[in-house]
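Report on the structure given below.
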Amino acid sequence: MNISLKEYISIFIHQTDLKITSCVKERLARFNLAPEQNLIMMLLWERDGRTQQELSEQLEKDKTNITRMLSSLEQKGFIKRIIETCDRRSTRIFLTEEGKALECHVIPLTDEFHRIITSGVTEEELAIVRRVLSKMRENVN
């Protein structure tokens with residue numbers, strides 16, 4: 001028995017992700033931030049001075065992708081990279097004043113977006129979604 005295309009959960013998840021990412025991209029465009037760059041900024045707004053390794057682990061992205069995103073954020077003037085004096089292989093990432101100033105504009109936007117996409121979804125349903133998606137992620141590891 002073959003599964004029809006619309007029954008593949010991976011395709012449904014992918015299509016949902018594309019739609020969400022597209023909407024986020026549109027909302028962040030005026031701040032010159034891509035959705036993935038915003039994830040780095042959110043982690044830094046939460047705790048400035050994280051290492052590049054920490055960002056890589058938190059976002060489950062390889063170091064090459066993180067380096068590319070950090071270069072772009074640095075060129076935009078949102079962050080600065082500082083090499084550790086005690087361990088020259090370690091780089092800490094700090095927000096610039098411009099990067100810090102973005103927080104008061106972007107966080108309300110991301111909060112609003114979260115409210116929009118979870119509208120009509122109960123806390124219990126969100127917990128189930130997180131639990132099911134976590135199980136699926138574990139299945140592919």
Side-chain angles (χ1 to χ4, degrees), residues 2-141:
N2 288 339
I3 299 175
S4 75
L5 195 61
K6 66 181 181 184
E7 292 178 285
Y8 281 105
I9 192 66
S10 59
I11 292 171
F12 184 80
I13 291 169
H14 177 68
Q15 290 170 334
T16 303
D17 179 55
L18 286 175
K19 191 161 187 152
I20 289 171
T21 302
S22 174
C23 190
V24 169
K25 184 178 181 180
E26 198 176 284
R27 288 165 184 261
L28 291 174
R30 65 183 165 171
F31 301 108
N32 197 20
L33 272 179
E36 285 192 322
Q37 293 170 346
N38 187 50
L39 296 176
I40 289 175
M41 296 298 287
M42 290 181 76
L43 287 172
L44 293 173
W45 291 325
E46 188 178 88
R47 186 169 52 81
D48 202 8
R50 291 178 187 262
T51 65
Q52 191 165 330
Q53 179 67 32
E54 277 181 85
L55 295 172
S56 178
E57 289 169 6
Q58 287 280 313
L59 298 176
E60 297 182 25
K61 293 273 183 198
D62 63 60
K63 290 178 186 175
T64 305
N65 278 329
I66 293 294
T67 300
R68 181 182 42 77
M69 289 188 283
L70 291 174
S71 291
S72 180
L73 288 169
E74 193 170 39
Q75 287 172 356
K76 294 174 183 182
F78 298 151
I79 62 149
K80 59 187 173 220
R81 293 186 265 194
I82 306 216
I83 296 170
E84 295 266 67
T85 51
C86 59
D87 181 1
R88 302 209 44 85
R89 295 169 298 168
S90 182
T91 304
R92 289 207 176 268
I93 315 304
F94 292 92
L95 294 161
T96 62
E97 289 306 312
E98 191 176 351
K100 289 175 185 175
L102 268 182
E103 180 179 11
C104 66
H105 300 288
V106 175
I107 293 295
L109 185 138
T110 56
D111 288 348
E112 175 195 16
F113 185 72
H114 178 76
R115 281 191 300 277
I116 289 168
I117 65 170
T118 59
S119 176
V121 181
T122 67
E123 284 300 319
E124 183 182 344
E125 289 170 326
L126 283 175
I128 292 168
V129 168
R130 287 184 184 103
R131 196 168 50 249
V132 170
L133 290 175
S134 292
K135 284 181 182 181
M136 289 178 175
R137 283 173 65 176
E138 288 170 16
N139 288 341
V140 294
N141 283 339

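Taking OG of Ser56 as the start and NZ of Lys61 as the end, the distance is 10.0 Å to the nearest 0.5 Å. Annotation: the span from Thr96 atom OG1 to Leu73 atom CG amounts to 9.5 Å, rounded to 0.5 Å. The distance from atom OG1 of Thr122 to atom CD of Glu125, rounded to the nearest 0.5 Å, is 3.5 Å. We find the CD1-CD1 distance between Ile93 and Ile82 to be 9.0 Å, quoted to the nearest 0.5 Å. Here the CG-CD1 distance, from Leu133 to Ile13, works out to 5.0 Å after rounding to the nearest 0.5 Å. In this structure, Asp48 CG and Glu103 CD are separated by 10.0 Å, a value rounded to the nearest 0.5 Å.
Taking a cutoff of 4.0 Å between a charged side-chain nitrogen and a carboxylate oxygen, Lys100 and Glu97 qualify as a salt bridge. At a threshold of 4.0 Å, the pair Glu74-Arg81 counts as salt-bridged, since one of the basic side-chain nitrogens sits closer than that to a carboxylate oxygen.
Residues Leu43 and Leu39 have side chains not in contact (no heavy-atom distance under 4.5 Å, counting atoms from C-beta outward). The shortest distance between side-chain heavy atoms of Leu18 and His14 falls below 4.5 Å. Proximity of Phe78 to Leu44: side-chain heavy atoms (C-beta onward) are nowhere separated by under 4.5 Å.
Sorted by first then second residue, the side chain to side chain donor-acceptor pair (under 3.5 Å) pairs that include residues 20-35, not counting sequence neighbours, are Asp17-Thr21. Residue pairs meeting the side chain to side chain donor-acceptor pair (under 3.5 Å) criterion with at least one member in residues 37-46, sequence neighbours excluded, are Gln37-Ser72, Gln37-Lys76, Glu46-Arg50.
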Determine whether Arg131 and Ile128 satisfy the following criterion, side chain to side chain contact (heavy atoms under 4.5 Å, CB included), listing intermediate values before the conclusion. CA-CA 5 Å; Arg131 196 168 50 249; Ile128 292 168; 3.4 Å; yes
Criterion side chain to side chain contact (heavy atoms under 4.5 Å, CB included) on Val24 and Leu28, from CA distance to verdict: CA-CA 6 Å; Val24 169; Leu28 291 174; 3.5 Å; yes
Which is it for Phe31 and Leu102 under the side chain to side chain contact (heavy atoms under 4.5 Å, CB included) test, yes or no, and what are the steps along the way? CA-CA 8 Å; Phe31 301 108; Leu102 268 182; 3.8 Å; yes
Does the pair Arg92 and Lys80 meet the rule for a side chain to side chain contact (heavy atoms under 4.5 Å, CB included), with working shown? CA-CA 8 Å; Arg92 289 207 176 268; Lys80 59 187 173 220; over 6 Å; no
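In this structure, Thr118 contributes its side chain and Val121 its backbone to no donor-acceptor pair below 3.5 Å. Put simply, the side chain of Glu57 never gets that close to the backbone of Glu54: no donor and acceptor are under 3.5 Å apart.
Remark: Glu7 CD is packed, more than 12 non-hydrogen atoms of other residues, nucleotides or ligands lying under 6.0 Å away. No more than 12 heavy atoms of other residues, nucleotides or ligands sit less than 6.0 Å from atom CZ of Phe12.
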Which pairs would a plain distance check flag for residues 108-115, meaning a side-chain donor or acceptor within less than 3.5 Å of a matching protein atom at least two apart in sequence or in another chain?
residue: Thr110; atom: OG1; partner: Val106; partner atom: O; Å: 3.4
residue: Thr110; atom: OG1; partner: Ile107; partner atom: O; Å: 2.9

